[in-house]
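Numbering of residues begins at 1 and proceeds along the displayed sequence.
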Amino acid sequence: MPKWLKDAVFYEIYPQSFYDTNGDGIGDFNGIIEKLDYIKSLGCNALWINPCFDSPFHDAGYDVRDYKKVAPRYGTNSDLYRLFGEAHRKGIHVLLDLVPGHTSEEHAWFLESQKAEKNEYSNRYIWTNAAFQPAKGFLYIGGETERDGVYVLNFFKSQPALNYGFLNPEEDWQLPADHPDCVATREAMKDVMRFWLDHGCDGFRVDMADSLVKNDDQKKSGTSAIWRNVREMLDAEYPEAAMVSEWNGPEMAINQGGFHMDFYLNWSGNGYSSLLRDYESGEEDHSFFKKDGSGDIMRFLDEYLPRYEATRKNGYYCLITCNHDTKRPKYNLDDSELKIAYAFLFTMPGVPFLYYGDEIGMRYLELKTKEGGYGRTGSRTPMQWTNEKNAGFSTCPADALYLPVDTAEGAPSVAAQEADGNSLLSTVKDLLRLRHEEEDLQADGDFEVVYAESGKLPLVYRRGSLLLALNPSTERVSAPVGEADAEKKVLYAIGDGEVKGQEITLAPQSFVVWK
């Protein structure tokens, strides 16, 4: 396990929208470099940068055309190498976004694979044996290549699936996972990883990490075996390199696949969704952190706790404020509600991830799709640095921006919130400072639920020697605690709370830490 993950707090950057230094309306590597001091001031000491490799951008860079070349709109490979170096000098680690399950249809591997003549890349992707033989059970494309066959997709039409084999082949065109050509695909991806690690990258967030071996079993044993092999390579050659999986299956990703971290993703109706985005269930919004939502913390804990206990010795199950695929939490929560929500997310076990702009409460905008974003596009708008032209993101004309900035009245900005000690930004900085100062709050610190009941408040929990309690509602609430807790002193508070005897009482919309 990379030691630096213990006290890591990640900041996710969608590079198109972070900071533009050359006036073309699109963010760039130099923009990230210029804002490293800001990122560090937040309390974030690690970055996850969304895909920045060469791409036709049919899916915002998740359709890679060249794994070893950066997209020119962000700069050059040398610019990215410089970003690694500048970040490291400031004590910041950098993860790149690895897309191992598919490439762009314009990738050189695919251009060779689609040829009629057999070559070393013929089986780099999944093909049937004839143009009129469907790939039953899969999304596929036919009729567009000289090769007599149809090819399997991993998601969009522009994303042909790389061939890692089938766990139990059922058709003559399906290769087993141990076929030399499938092993060659795995080794090619390891070569990509080595390339970036050798140039200063600190690891990878892995897109659709569970999508490699097809017809895999429920435990994803075939895909997990590939990732175990990758982990063995990392342990031997790059022991401080880290991997986090887009999986939301920590027992598989961490325990079986060897990932250091797995994301608790926002899936409609799941435990994470019940905290912030219960409106996605299609009924009334009963999000736990909505002050009048009458939410139930057990919807989260009943799902989270077994996964946490099953994986805590092997890796970190990570909570996020949001990501590039999710509506921003400001969509349904105001700043007072976000403060309590972030207090919880940043004091839980595992490694927290903060999505750019969430620290100031950037809003989700209803926008037309851009680069395959569709409903996700509204969470990918330019970072709002100031209240000046283009929110300080770019000097270009407004109609040349990658996406429009939020121009509505009250749109938040870094500049305005840095001058306000009670702002959401100030609260985020205070919370992350507390996490860094108190070892018990870091990734591997002990976690115990002290009080949590269905339909009741507050939530009370321990992180090592610390007692924490939160009340997102508008009512004053109480709960029983241990007698020894009366001796603890308030270490940090949003709102107000006290411990008397064996009872804890919290004011409305409060979060308190005792030590």
Side-chain angles (χ1 to χ4, degrees), residues 1-12 43-46 48 93 95 203 205 242-255 257-266 270-276 288-289 297-323 340-355 428 431-452 458-470 491-492 511-515:
M1 176 68 70
K3 297 181 181 65
W4 60 270
L5 289 178
K6 172 183 170 64
D7 188 30
V9 177
F10 277 89
Y11 191 72
E12 179 191 349
C44 293
N45 54 12
W48 157 27
H93 291 82
L95 299 192
R205 175 267 188 184
M243 290 199 305
V244 57
S245 57
E246 185 192 34
W247 196 315
N248 194 23
E251 297 94 336
M252 293 176 282
I254 295 173
N255 291 354
F259 277 89
H260 305 101
M261 302 171 281
D262 183 35
F263 285 120
Y264 196 168
L265 296 171
N266 186 77
N270 76 349
Y272 175 82
S273 177
S274 75
L275 295 176
L276 306 169
F288 179 71
F289 288 107
I297 191 59
M298 296 311 300
R299 294 173 60 192
F300 168 80
L301 291 176
D302 285 345
E303 185 174 77
Y304 171 81
L305 286 173
R307 294 176 174 181
Y308 164 72
E309 291 295 342
T311 59
R312 58 176 303 205
K313 294 182 180 179
N314 298 318
Y316 302 129
Y317 195 26
C318 301
L319 297 173
I320 63 176
T321 62
C322 182
N323 66 21
I340 306 301
Y342 292 172
F344 174 74
L345 296 174
F346 295 149
T347 58
M348 285 289 284
V351 182
F353 282 71
L354 171 63
Y355 186 51
V428 168
L431 287 164
L432 295 183
R433 185 182 307 112
L434 180 68
R435 184 181 179 95
H436 292 306
E437 290 174 351
E438 297 293 331
E439 188 174 1
D440 285 343
L441 291 178
Q442 294 169 11
D444 58 353
D446 289 341
F447 173 70
E448 174 195 359
V449 174
V450 176
Y451 179 85
L459 169 65
V460 185
Y461 53 106
R462 295 188 202 280
R463 297 297 316 280
S465 63
L466 304 178
L467 180 71
L468 304 90
L470 61 88
L491 179 64
Y492 175 81
F511 169 83
V512 184
V513 181
W514 289 268
K515 183 176 181 179

Where W4 and A242 come nearest, the two heavy atoms and their spacing:
CZ2-CB, 3.7 Å
Which heavy atom of Y461 sits nearest a heavy atom of A343, and at what distance?
OH-O, 4.3 Å
Just wondering, do V244 and Y316 contact through their side chains at under 4.5 Å, heavy atoms?
no
Decide yes or no for L275 and I297: does some side-chain heavy atom of the first lie under 4.5 Å from some side-chain heavy atom of the second?
yes
Residues in salt bridge (charged side-chain N to carboxylate O under 4.0 Å, His left out) with E246, at least two apart?
R205
Among F511, F289, Y304, exactly one meets ring-ring contact (aromatic ring centres under 6.0 Å, His included) together with F344. Which residue is that?
F289
Taking side chain as C-beta onward, heavy atoms only, is S273 less than 4.5 Å from N266?
yes
Output the distance between atom CG (L431) and atom CG (L345), rounded to the nearest 0.5 Å.
10.0 Å
The criterion is salt bridge (charged side-chain N to carboxylate O under 4.0 Å, His left out); which residues satisfy it with K515, sequence neighbours excluded?
E438
Between F300 and F288, is the ring centre distance below 6.0 Å?
no
Salt bridge (charged side-chain N to carboxylate O under 4.0 Å, His left out) partners for D444, two or more places apart:
K6
Taking only residues two or more places apart in sequence or in another chain, which ones pass side chain to side chain donor-acceptor pair (under 3.5 Å) with N270?
none
Taking salt bridge (charged side-chain N to carboxylate O under 4.0 Å, His left out) as the test, write out the residues that go with D446, two or more places apart.
R312
For C44 and L432, work out which heavy atoms get closest and say how close.
SG-CD1, 4.1 Å
Here the gap from C318 atom SG to N248 atom CG, rounded to the nearest 0.5 Å, amounts to 11.5 Å
Pairs flagged by salt bridge (charged side-chain N to carboxylate O under 4.0 Å, His left out) wherever residues 297-309 is involved - sequence neighbours left out:
D278-R299
R433 CZ to F346 CZ distance, which is reported to the nearest 0.5 Å
13.5 Å
With no hydrogens and no angle check, is any side-chain donor or acceptor of D440 less than 3.5 Å from a backbone partner on S465?
yes
Are R435 and P352 side-chain neighbours, meaning at least one heavy-atom pair lies under 4.5 Å?
yes
Enter the distance from T321:OG1 to L354:CG here, rounded to the nearest 0.5 Å.
5.0 Å
Find out whether L441 and L468 are in side-chain contact, i.e. whether some heavy atom of one side chain is under 4.5 Å from a heavy atom of the other.
yes
Gap between atom CD of Q442 and atom CZ of R463 - 0.5 Å precision:
9.0 Å
Can a donor-acceptor pair be found, under 3.5 Å and without considering hydrogens, that links the side chain of H260 to the backbone of G315?
no
Should C322 and E12 count as side-chain neighbours, where that means a heavy-atom distance under 4.5 Å?
no
Should the ring pair F263 and F353 be called parallel, tilted or perpendicular, given that the plane angle runs from 0 to 90° and is split at 30 and 60?
perpendicular
Spatial distance of atom CG (D262) from atom CG (N314) [nearest 0.5 Å]
12.5 Å
Are any of the side-chain heavy atoms of I320 and Y272 separated by less than 4.5 Å?
yes
Looking at every heavy atom in both V351 and A8, which two are closest together, and how far apart are they?
CG1-O, 3.4 Å
Where is the tightest heavy-atom contact between G271 and Y264, given as atom of each residue plus distance?
CA-OH, 3.3 Å
Flag side-chain contact, heavy atom, 4.5 Å: F10 against M261
yes
Taking every non-hydrogen atom, the tightest pair across P306 and L301
CD-O, 3.9 Å
